[in-house]
Every structure is written in C-alpha cells, then in structure tokens.
Amino acid sequence: MSTTTQEENRTSRLTRARVAFRHWRWRRPFWAGLFTTLAGLPIVYFPYATVTIADLTIRMATTAGAGSLVIGALLIVLGQTMWFQPHSRIFSGVASIMLVLVSLVVSNVGGFGMGYLLGLIGGGMSIAWAPGEPVADSPADPAPDTGADRPVSGTAAAAPAPPAAGPVPGVPGPEPVSGTGSALAGFAGGSTERGIDPEKEKDRVE
C-alpha cells in the first residue's frame, strides 16, 4: 500500500471520528457538562494542595476538606450526567447551582471563585438547553384551482356550440353579387313592379 493511500485512510478515519463526535455533542448539553466538570476540579484541589515557594510551604487543608471533596466529586458526577443522561439535565443543573452556592462557605470561597463561576455557568446552561427538532420539508404549494377539472352538472353545463352553417348538398345556393353587398344591388337600377318594362313606360309618357 502506497504512502498516499495510507494518508487518505488516516484522513478518512479522522473525518469520520470528527463527524461522529459532532453529532454526539449536538444531542446533549455538552458545554454545560464540561463547565460543571471543570467546576469540581478547583473545589477538590485547593483544600488538599501543598504550595511550595522557595523554603516556604503552604498547606490549605482545613477541617472542611471532606466537604470540599464531596462537593467537588458531586459536581464532576453531575457534569458527566449531563453528557450521558441528557434527559435529567434540569435536575443536574439545579443541583450544580446549589452545590456551588454551598461551596462559597465550605470550600475556600468556591475554589477561589473559579469553581463557583464555572458551576453557575454550567448549571444555567444545562437548565436552558433543549433538544433540537428536525426540520420537516414543507410541502409544495398546490396549484391554483382554475375549475378546468371540476365537473359541471345541471343547467350550468355549457351547451355545445351549434355547427357552422354551410351549403346543403343538392340545393342551389344564391348567386354571388358583386359590389358593396347592399340589398339594393340586385335591382340593377330598375323596377320590375307589376311586370312593367321601364323602356315602354318611358315611351308612353313621351
């Protein structure tokens, strides 16, 4: 197998892993769980930390160390619950906010404020998060009803048009008359009333 093929396979695996992680993250309050988990770390760490500066050793362990351990561990568990049990996100968010409020008194002002702020942000985001809904494709707009396909019944039905008039076979039609088509064109300028010849009537008058 060539080097190019190995690099393509490695890139393909990384792409699939990134896409799978993205889909996993979108189905749960990911950032809320991350902030809540991080909030528990300073609350647990500082009461048991030993800081050495040159020859000076500073220990912040107090009688409230056990309470700090419990609060920090619960915050970490609640942060993981937001990831793996997203349906209980509201309970996890409310419990996280209550724990960081208690840590102000029990655990060095909430891990010197860092755990307190992270817990508030994570708990609020967990309460506010809601699962998304898939967007359904909108149906196509129906064509306007023009009534062309609507059946017509009763007297409203349109009657068929009568056939055009034409020559009847075997019957002679009228002779064509030239001119403007006036009704007087057939008289040819003379009168045929009572069978009187216009020429003879002229001679009789003279």
Side-chain angles (χ1 to χ4, degrees), residues 1 3-141:
M1 184 178 294
T3 306
T4 304
T5 305
Q6 293 178 354
E7 292 178 355
E8 291 178 354
N9 292 338
R10 188 179 302 107
T11 303
S12 177
R13 287 195 296 269
L14 290 176
T15 302
R16 289 197 299 268
R18 187 176 70 253
V19 172
F21 174 73
R22 183 184 304 167
H23 287 285
W24 179 83
R25 184 180 44 142
W26 286 347
R27 292 193 295 267
R28 63 205 70 243
F30 175 78
W31 295 108
L34 179 62
F35 288 147
T36 304
T37 302
L38 293 177
L41 298 180
I43 293 176
V44 170
Y45 173 74
F46 286 119
Y48 296 95
T50 300
V51 180
T52 302
I53 302 175
D55 295 335
L56 180 62
T57 301
I58 301 175
R59 294 180 59 87
M60 290 179 285
T62 62
T63 56
S68 300
L69 178 63
V70 171
I71 293 175
L74 287 177
L75 286 174
I76 295 174
V77 171
L78 289 173
Q80 301 301 308
T81 303
M82 297 175 188
W83 282 354
F84 299 104
Q85 299 291 334
H87 59 273
S88 60
R89 61 189 180 277
I90 296 178
F91 167 78
S92 301
V94 173
S96 300
I97 293 175
M98 294 179 64
L99 285 174
V100 295
L101 290 175
V102 174
S103 69
L104 289 174
V105 181
V106 174
S107 178
N108 299 322
V109 196
F112 296 106
M114 291 184 291
Y116 172 73
L117 293 177
L118 290 173
L120 284 181
I121 295 173
M125 292 179 67
S126 178
I127 296 172
W129 185 86
E133 297 180 359
V135 179
D137 296 335
S138 59
D141 295 336

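For the numbers below, each heavy atom of this structure counts, side chains included, while hydrogens, waters and symmetry mates do not. The structure presented is a predicted model; accordingly, all values stated were derived computationally and were not measured. The residues of the chain are indexed from 1 along the displayed sequence.
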Set of side chain to side chain contact (heavy atoms under 4.5 Å, CB included) partners for V109, sequence neighbours left out: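 In terms of side chain to side chain contact (heavy atoms under 4.5 Å, CB included), with neighbours along the sequence ignored, V109 is linked to L104.
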Separation between CD1 of I43 and OG of S103, rounded to the nearest 0.5 Å: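 Separation between the atoms: 4.0 Å.
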Contacts table for residues 33-42: side-chain donor-acceptor under 3.5 angstrom, sequence neighbours left out:
from: T36; atom 1: OG1; to: A32; atom 2: O; distance (Å): 2.8
from: T37; atom 1: OG1; to: G33; atom 2: O; distance (Å): 2.8
from: T37; atom 1: OG1; to: Q80; atom 2: NE2; distance (Å): 3.3

Partner residues of T81 under the side-chain hydrogen bond (donor to acceptor under 3.5 Å, both in side chains) criterion, sequence neighbours left out: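 If we apply the side-chain hydrogen bond (donor to acceptor under 3.5 Å, both in side chains) test to T81, skipping adjacent residues, there are no hits.
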Side chain to side chain donor-acceptor pair (under 3.5 Å): pairs with one or both residues in residues 13-28, sequence neighbours excluded: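 Found S12-R16.
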Side-chain donor-acceptor pairs under 3.5 Å in residues 111-122, sequence neighbours left out?
none

Which pairs would a plain distance check flag for residues 85-99, meaning a side-chain donor or acceptor within less than 3.5 Å of a matching protein atom at least two apart in sequence or in another chain?
from: Q85; atom 1: OE1; to: H87; atom 2: NE2; distance (Å): 3.2
from: S88; atom 1: OG; to: Q85; atom 2: O; distance (Å): 2.9
from: R89; atom 1: NE; to: W129; atom 2: O; distance (Å): 3.0
from: R89; atom 1: NH1; to: P86; atom 2: O; distance (Å): 3.3
from: S92; atom 1: OG; to: S88; atom 2: O; distance (Å): 3.0
from: S96; atom 1: OG; to: S92; atom 2: O; distance (Å): 2.7

Non-hydrogen atoms of S68 and V44 that approach each other most closely: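 Of all heavy-atom pairs spanning S68 and V44, the closest is O-CG2, 3.9 Å.
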